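A quick note: this is a predicted structure, and the numbers were derived from the prediction, not measured. Quick note on labels: first sequence line is chain A, next is B, and so on, each numbered from 1.
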Amino acid sequence: MAVPILKQGPFLIASIQSALTDTDVLQLRDDVMAQVTRHRSRGIIVDVTSLDVMDSFVSRSLQGIARMTRLRGAETVIVGIQPEVAFAMVQLGMSFEDVQTALDLEEGLALLEAGFGGT
Amino acid sequence: MAPDAVERIAIESDADVVTARQRARALAVTLDMPSTDQTLLATAISEIARNITTYAKRGEVCIELVRDANGRRGVKVVARDHGPGIADLERALTDGYTTGGGLGLGLPGARRLVDEFDIQTAPGEGTTVTLVKWTRG
Amino acid sequence: MADPTADPSPDARDDLLRELVAHLRNNRTELRQDWARRIGEAQLLTALTEEEIFSEATSVYDNYVEVLETGSVEALRGYARNLSERIIPRGVETDEVLGIVLLLRDVLSRSLFKKYPDDIFRVLDVYEPAANRIANTVAINFVTERERVIRQQQEAIRELSTPVLQVRERLLILPIIGVLDGQRARQLTEQLLRGIRTNRARVVVIDITGVPAIDSTVANHLVQTVDASRLMGASVIITGLSSEIAQTLVTLGVDLSKVNAVGDLQGGIEEAERLLGYTVISGAVTSEKAEDRG
């Protein structure tokens, strides 16, 4: 199932709705990169609230999105990681050290706005 | 008591990986397993099932409820394939080692997420990973 | 007397069963009273009042006869679970529950034997399997329910031992006191992560002044706690790391570079307020202690 990506001002918001297959994840990566280029977005929020599992593939792919968008001048914030999922990711060895995270969509937007204040 | 049925899920595509972990979580729920443990189990299954699609293309995951000598209940998962097998098992179980283009967290990561972990493999014959997550207390 | 080895035809068996059920229904009042009296004599269910015992006895009696009639324990199972839920908090023990069911079995079989003195074996053939299944069903459901209650209580006690305190909006404090082992560290992390979600916390101060010793395993747990909190968007400050512990950890080679450590709790709260964007006017920060979310 494709992940809808909404444009909100200078930012993009990708809300994951249900469990992702690997194909969906790769599609999301391509879609985000295309939209960032098209809209010259300054920030991207990927909302993972509805994910009950983030295994190494999903985690690594999201990390990849964050690194790639950064090279295009856009900061990615992953929001909505659930408590159990955060616990499992750390046990797995994924700690997203170079990726911005926030509690939820609202916090993520506040973080992006603070970083790009006034524009 | 009648033995619990084994659920068998053929792993042929990445959608099957999702199915396998969802089925296992549904079984864990019937044991009142805490949600953190359900998540650890589901994540571990995701890792070992993905190893099948990445290296062997196809295989199967079998999930069943088990009980130990003390009556403690748990979920047992067996992931089996007839793929290329693992030549260097010790390295495959080391963080950061991969031949599949990932981060190499799959097997060692999955091992950290569960209570019991066993792997049988022979080059050219395939790989069988068995893991168990017990209910707490 | 009937030959005990004779295999009665299914029809004859059904007829007898119907007769037994009718007998037990017709003598309901008397047999139920007899049973309730024996429960009292055996000093079972002492936690319940006489009226309660009589009311439960009535339900158990009716369920019992129904299982006998239909052969299905489905309804009984639901009742047994429900009964267990009600009486476990009152302190009723497993042997009491099993005791009353066995007493009822005896009261009923005695009455049946009296009514069918020449047919005892046939009566037993029909009555015994159902009676045993009933005892089994009640006992299993009681024990299962009891285990569930015990698990819940243990969980509650563990949670109480590490309170997560909200000091002000967006700021949680987790004072850890006592020995920290792997299981407790894990418990604490899970609880903190849930607390971050519930309180929408952005900063967490973990105070380990009250922890006597930390080995590398526990230190690694702490690092994982920091990492997992960050995945949820919260920063962690660790306070109260004594110089002895700090030295040990460095010697053990634990990587604490990612951990934001501040000397004492006071300093930790000030640092937290700075991260949250509050200005600290004087050195003293009033911590209006909010509710314990444990």
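Side-chain contact check for B:Thr135 versus C:Arg151: every heavy-atom pair is 4.5 Å or farther apart.
Annotation for B:Arg58: atom CZ does not count as buried by contact number, only 12 or fewer foreign heavy atoms lying within 6.0 Å.
Interface summary for chain B: among C:Arg186, C:Arg148, C:Glu147, the most heavy-atom pairs under 4.5 angstrom belong to C:Arg186.
The distance from the OG1 atom of B:Thr36 to the CD atom of C:Gln191 is 11.5 Å, given to the nearest 0.5 Å.
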